Every structure is written in C-alpha cells, then in structure tokens.
Amino acid sequence: QSQLVESGGGLVQPGGSLRLSCAASGFTLDYYAIGWFRQAPGKEREGVSCISSSGGSTHYADSAKGRFTISRDNAKNTVFLQMNSLKPEDTAVYYCAVSYGSYCPKGVYNYDYWGQGTQVTVSS
C-alpha cells in the first residue's frame with residue numbers, strides 16, 4: 001500500500017524554525033519529483049517548493065525564497081522542508097505530494113499522491 005506521511009509540524013514563535021519530513025512507504029521516491037504545499041483555513045492550497053527526482057533542481061514560491069530549503073534523501077525514501085525565519089502568515093497545514101517523472105510539474109493539480117498533512121502554527 002502506497003503512503004506519504006508528513007511529520008515535524010507544531011507550534012513555533014515568529015522567527016523560529018521547523019523541519020518537516022515526508023516519508024514514503026510502499027513505493028520508492030527515486031522516480032518522482034516531490035512538492036510541498038500549504039493550505040490555511042479558508043484559503044486555496046498553494047505550492048511552496050518542489051524538487052526534481054535527482055535533487056538537482058529546486059523551485060520555491062516567492063514567499064519561501066531565502067527562508068525555506070527543500071531536500072531529499074532517496075536512500076531513506078524521505079523528503080524534507082527546512083523552514084527558517086517563520087512568520088505568522090506561514091501558519092497552515094503543510095502537505096507533501098509526488099509526481100511521477102524527473103522534473104517538477106506545473107500547477108498544484110499535477111501530482112499523483114498526497115499525504116494527509118501536518119499543522120504548522122506560527123504565533124507568539
């Protein structure tokens with residue numbers, strides 16, 4: 001059975017850091033590009049970052065550039081999102097998703113499997 005499970009979310013003060021993990025089971029991530037998305041209450045889901053299957057290419061939303069870093073460890077079948085200098089507007093449920101192929105697809109809808117999300121709350 002194929003699964004994606006996010007972890008690492010929680011409550012953090014503004015300016016703090018969190019490291020999110022997305023672990024795959026039942027399949028290998030080697031052949032998938034992987035994206036991180038987030039959705040705040042009452043808002044549309046938005047893309048945050050994406051990494052190619054080899055890890056050689058990364059993309060970031062403007063809101064994440066300079067603060068977030070995506071990485072992957074195919075040997076551990078896991079992808080990470082390091083989030084630094086967190087702001088209250090980063091508060092959302094964060095999801096990982098995979099897209100079969102080498103490179104990141106365009107748009108939020110072109111992904112094959114999704115995790116159930118992990119809550120990130122940035123508040124003083």
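The model shown is predicted, which means the values in this text are computed figures rather than measured ones.
- Residues meeting the side-chain contact (heavy atoms from CB on, under 4.5 Å) test with K106, sequence neighbours left out: none.
- Listed by chain and residue number, E46, D90 satisfy the salt bridge (Lys or Arg N to Asp or Glu O under 4.0 Å) test with R38 (two or more places apart in sequence, or in another chain).
- Shown here is E89, whose CD atom has more than 12 heavy atoms of other residues, nucleotides or ligands within 6.0 Å.
- Of all heavy-atom pairs between S53 and N74, the closest is O-ND2, 3.4 Å.
- A donor-acceptor pair under 3.5 Å is formed between the side chain of R72 and the backbone N or O of L29.
- The CG atom of L86 sits 12.0 Å away from atom OG of S123, with the distance rounded to the nearest 0.5 Å.
- With sequence neighbours left out, the side chain to side chain donor-acceptor pair (under 3.5 Å) criterion links T58 to no other residue.
- The distance from the CG atom of L20 to the CZ atom of F68 is 8.5 Å, given to the nearest 0.5 Å.
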Do any side-chain atoms of residues 111-118 form donor-acceptor pairs under 3.5 angstrom with protein atoms, and if so which ones, sequence neighbours left out?
unit_1	atom_1	unit_2	atom_2	d
D112	OD2	Y100	N	2.7
T118	OG1	G9	N	3.2

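- Under the side-chain contact (heavy atoms from CB on, under 4.5 Å) criterion, T28 pairs with D30, Y31, N77, not counting sequence neighbours.
- Scanning for salt bridge (Lys or Arg N to Asp or Glu O under 4.0 Å) contacts around K43 gives an empty result, with sequence neighbours left out.
- Taken to the nearest 0.5 Å, the OG atom of S85 stands 7.0 Å off from the CZ atom of R67.
- With hydrogens and angles disregarded, no donor-acceptor distance shorter than 3.5 Å links the side chain of S49 to the backbone of W36.
- Evaluation of the side-chain contact (heavy atoms from CB on, under 4.5 Å) rule for D73 yields A75, K76, F80 as partners, not counting sequence neighbours.
- The distance from atom CG of L81 to atom CD of E6, rounded to the nearest 0.5 Å, is 11.0 Å.
- Taking both residues in full, the closest heavy atoms of Y103 and S52 are given as CD2-CB, 4.2 Å, listed atom of the first, atom of the second, then distance.
- Among pairs with a residue in residues 1-70, those fulfilling disulfide bond (SG atoms under 2.5 Å apart) read C22-C96, C50-C104, at least two apart in sequence or across chains.
- In this structure, the side-chain contact (heavy atoms from CB on, under 4.5 Å) partners of S17, at least two apart in sequence or on a different chain, are Q82, N84.
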